[in-house]
Protein chains: 2
Amino acid sequence: MGGVNRADDRTGGVGGMRGTGGGANLLALRSHNTALVLDLLRTAGADGISRLELAERTGLTPQAVSKITARLRADGLAAQAGRRASTGGKPRTVLRLVPEAGHAVGVHLDRDEVRVVLVDLRGAVVGERRAALDLGAGAEAVLGAVREAVAAVREAVAAVPPAGFDRALLGAGVALPGPLDHARGVLHRVTGFPEWDGFPLREALAERLGVPVVVDKDTNAAALGLAAGGEGGSFAYLHLGTGLGAGLVIGGSVHRGARTGAEEFGHQVIQLDGPPCTCGDRGCVEALCLGAVARGDVEEAARVLGTGAANLVGLLDIDVVLLGGRTVAAAPDAFVHGVAAVLEERARRTGQDAVPVRVAAGGGRAVAVGAAQLVLGPVFGRGDG
Amino acid sequence: MGGVNRADDRTGGVGGMRGTGGGANLLALRSHNTALVLDLLRTAGADGISRLELAERTGLTPQAVSKITARLRADGLAAQAGRRASTGGKPRTVLRLVPEAGHAVGVHLDRDEVRVVLVDLRGAVVGERRAALDLGAGAEAVLGAVREAVAAVREAVAAVPPAGFDRALLGAGVALPGPLDHARGVLHRVTGFPEWDGFPLREALAERLGVPVVVDKDTNAAALGLAAGGEGGSFAYLHLGTGLGAGLVIGGSVHRGARTGAEEFGHQVIQLDGPPCTCGDRGCVEALCLGAVARGDVEEAARVLGTGAANLVGLLDIDVVLLGGRTVAAAPDAFVHGVAAVLEERARRTGQDAVPVRVAAGGGRAVAVGAAQLVLGPVFGRGDG
DNA sequence: ACCACTTTCGCAACGCTGTTGCCAAAGTGC
DNA sequence: GCACTTTGGCAACAGCGTTGCGAAAGTGGT
């Protein structure tokens with residue numbers, strides 16, 4: 001290890017911290033490093049990870065890792081899990097995350113139903129509940145239904161063994177369609193339901209549930225869930241259902257604009273003076289893509305979607321394109337191949353490797369699971385996603 | 001101030017730190033907070049800023065700020081600069097950055113000339129030199145010319161009073177056209193000059209100049225320069241010259257992809273099956289825009305550029321669009337108004353405020369000045385830009 | 001002119017961080 | 001069975017920001 005300070009040769013430093021404020025004290029430093037270790041424990045999964053490996057990956061000294069993991073074990077968040085084979089000396093003891101040391105609920109508030117999942121620290125679903133719901137039935141009814149569904153899931157899980165575990169609920173993440181103010185938890189223009197305009201959902205729900213609440217757009221939540229599910233680097237999640245939206249993950253974190261209008265992927269113009277779109281513009285990807293679907297021309301829809309994806313890939317250097325939504329689910333292969341074809345053609349021209357295209361994992365509960373990650377993310381140092 | 005830990009009620013914490021590694025020790029914490037203070041001192045400019053103001057803005061305690069600024073003063077980086085009016089007690093002493101405590105050179109390596117600037121810590125130009133240069137003349141000739149130009153600027157500045165100042169050269173930033181590997185400083189496919197392919201420019205130049213070197217794409221450097229020049233938040237710099245490129249600043253930092261292909265703004269398709277582009281695709285913004293310019297139809301060129309910009313604004317929630325480059329400089333008003341018109345039309349539809357459009361400041365030496373910021377940025381905690 | 005009060009800001013002691021030096025524990029290999 | 005390697009905890013340590021306190025330097029009332 002030598003006498004040289006090991007963190008000195010890192011390029012990153014503490015990094016980050018844009019905007020105002022950002023002074024860091026010892027508490028911030030401690031929680032930062034703790035979150036880092038927790039994140040590595042989570043990534044390691046059931047295999048576990050040794051202290052020295054943690055030290056190598058974080059750049060901290062083994063002794064610092066020992067201190068941090070000792071605290072985590074004392075708090076019940078980590079546990080010893082066997083040992084590795086010796087390499088000529090004392091074998092490394094393997095540590096693993098204790099998934100049931102904390103939980104989070106994820107709420108997917110859709111136009112016609114609410115879906116609630118309870119996940120553990122790993123992000124694994126341990127309870128789920130769906131209920132029909134009219135998003136236009138008014139705030140009281142909707143909030144009540146959410147409260148009920150959340151309570152039902154919590155009770156169901158609490159009833160089954162193994163009992164005695166700490167079922168600490170860290171908070172609730174809520175995802176719903178339409179732009180909103182993520183930072184303040186206030187809704188804006190929920191498509192088709194103007195009565196929600198300006199509604200302080202986070203505050204109202206936090207009061208009813210008695211736990212911290214985070215709200216976000218459904219596509220962002222889905223993208224976040226995919227990122228937590230092992231999808232690394234930068235990727236775009238394109239959701240093609242009744243509309244066309246996207247969630248963007250850049251460098252591991254979800255991109256949200258300062259305003260609410262971010263990720264209007266569907267209203268990117270790719271056909272100057274093309275057919276009119278519901279948004280009032282002409283030649284939007286959404287209009288072209290859904291128009292082709294309506295005509296039954298899935299091939300053309302995929303090509304159009306691929307062109308929009310190619311623009312994104314070129315602009316932001318995306319690593320993977322993931323497709324989701326009901327329309328994609330109806331003909332997954334056609335869409336994947338069609339989009340991939342456009343990207344491969346592009347890669348052939350630029351001489352680079354083609355960006356892979358896949359159907360997003362998670363299926364129908366991807367958004368709810370991602371919403372839960374809105375709460376879990378910060379625990380593992382993922383900012384707000 | 002009370003007994004409560006003040007950093008606890010911040011949402012940010014130490015934050016950031018994506019990817020592997022990232023363990024932070026006390027040294028990292030110290031340099032983080034120091035950089036934060038330096039950045040505020042720089043932003044304050046000649047007006048200066050008081051210790052208590054620094055404390056409020058960073059979230060640190062006044063005492064911590066006093067310690068940090070004492071170190072900075074001892075190092076010659078900060079100095080007392082008068083005092084403010086009293087508000088009923090001891091008046092605050094104002095601190096300011098000592099600009100001449102450090103310098104950086106910025107090199108703009110263009111196809112036909114090299115432009116070198118020497119800037120102080122504020123980013124103000126204190127020396128400049130231009131020289132004709134054939135980028136295709138081979139590595140030896142080009143590197144020699146750069147070395148000569150840099151040496152000439154340094155000597156010219158060292159010769160003029162006020163003498164005796166610490167003229168510490170922190171490093172050199174180099175900007176040039178075409179994609180490259182920013183992290184490793186290796187070139188890729190410099191448009192029109194295939195012989196530079198894979199050339200380790202950073203290493204080669206660092207050896208000749210004897211100072212650390214950072215390389216980046218010209219549009220990224222220009223965007224970084226604009227960000228350092230007071231342009232806040234997220235913005236896009238669109239450069240329309242012999243080609244069409246863009247530099248993206250998201251949340252105060254330059255966006256670079258993991259690969260080299262990021263920000264291929266000009267090859268965004270906005271006209272399906274449109275006219276062929278030099279890149280091999282059809283309907284790229286660059287082809288349409290430059291085609292219109294060639295026909296003398298500046299109005300149409302601006303509309304096309306505006307459509308591309310609108311796509312960007314919608315996708316990434318950009319705050320400002322800045323235009324630059326020779327073609328824009330030839331008819332600035334036409335381009336600004338034409339692009340603004342598209343964005344205003346878009347804003348009218350979505351019911352939001354229109355994103356403003358301006359001509360980028362800095363003129364012909366914007367890239368060189370921005371290149372210097374590649375070196376200065378990290379000093380002020382701006383990561384690598 | 002004097003004194004009470006407010007505000008700024010440095011010194012000293014403190015708690016806590018990660019680091020270093022050292023040693024016990026627990027394996028492998030001759 | 002002994003030498004060696006590797007792991008990881010204990011204790012002392014340097015250095016970070018924080019807290020307690022007091023000197024410095026103004027204002028405003030008397």
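Throughout, a chain's letter reflects where its sequence line sits, starting with A, and its residues are numbered from 1. Predicted model, so just to flag it, every value in this text is computed and none were measured.
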*Residues in side chain to side chain contact (heavy atoms under 4.5 Å, CB included) contact with B:R71, at least two apart in sequence or another chain*: B:R30, B:T34, B:I68
*For A:L72 and D:dG8, give me the distance from atom CG to atom C1', rounded to whole Å.*
16 Å
*Would you kindly give the CZ-to-C1' distance between B:R84 and D:dA25, to the nearest whole Å?*
17 Å
_I need the CD1-C1' distance between A:I49 and D:dT7, as an integer number of Å._
15 Å
*Verify the contact: side-chain N or O of A:N33 to OP1 or OP2 of C:dG18, cut-off strictly under 4.0 Å; return yes or no.*
yes
*asked:* In the structure I gave you, are the side-chain heavy atoms of B:V375 and B:V119 within less than 4.5 Å of one another anywhere?
replied: no
*asked:* D:dG9, OP1 or OP2 - any side-chain N/O from A:S66 closer than 4.0 Å?
replied: yes
*asked:* What is the distance, to the nearest angstrom, from the CD atom on A:E56 to the P atom on D:dT6?
replied: 13 Å
*Using whole Å, report how far CG of A:L95 lies from P of D:dT7.*
14 Å
_Non-neighbouring partners of A:R122 that pass side chain to side chain contact (heavy atoms under 4.5 Å, CB included), sequence neighbours left out_ = A:P99, A:D120, A:A124
*asked:* Per the salt bridge (charged side-chain N to carboxylate O under 4.0 Å, His left out) rule, what does the pair list look like for residues 83-94 of chain A, sequence neighbours excluded?
replied: A:E53-A:R84
_Interatomic distance where CD1 belongs to A:I68 and C1' belongs to D:dG8 [whole Å]_ = 15 Å
*asked:* So A:T93, base contact, sugar-phosphate only, or nothing? Heavy-atom distance under 4.0 Å.
replied: sugar-phosphate
*Over all atoms of both residues, closest heavy-atom pair of A:V215 and A:G185*: CG2-CA, 3.4 Å
*Return the set of residues passing side chain to side chain contact (heavy atoms under 4.5 Å, CB included) with A:E203 (not counting sequence neighbours), or none when no residue passes.*
A:P200
*Atom NE2 of A:H32 and atom C1' of C:dC16: how far apart are they, to the nearest Å?*
17 Å
Protein-nucleotides 26-30 of chain C N/O pairs under 3.5 Å:
unit_1 : atom_1 : unit_2 : atom_2 : d
C:dA26 : N3     : A:K90  : N      : 3.4
C:dG27 : OP1    : A:R83  : NH1    : 2.6
C:dG27 : N2     : A:G88  : O      : 3.0

*asked:* Measure CD/B:Q80 against C1'/C:dT8 and give the value in whole Å, please.
replied: 12 Å
*Could you pull out all residues at least two apart from A:A70 that satisfy side chain to side chain contact (heavy atoms under 4.5 Å, CB included)?*
none
*Contact under 4.0 Å: B:R51 side-chain N or O vs C:dG10 OP1/OP2*: yes
_My understanding is that only residues two or more places apart in sequence, or in another chain, count here; which of them pass salt bridge (charged side-chain N to carboxylate O under 4.0 Å, His left out) with B:R42?_
B:D39
*asked:* Using a 4.0 Å heavy-atom cut-off to protein, can you give one letter per nucleotide of nucleotides 10-15 of chain D, 5' to 3': B if the base is in contact, S if only the sugar-phosphate is, - if neither?
replied: B-----
*Is the distance from OP1 or OP2 of C:dT19 to the nearest side-chain N or O of A:T61 less than 4.0 Å?*
yes
_salt bridge (charged side-chain N to carboxylate O under 4.0 Å, His left out) partners of A:R202, counting only residues at least two apart_ = none
*Identify, between A:V65 and B:R73, the residue whose nearest nucleotide on DNA chain C lies closer to the 5' end.*
B:R73
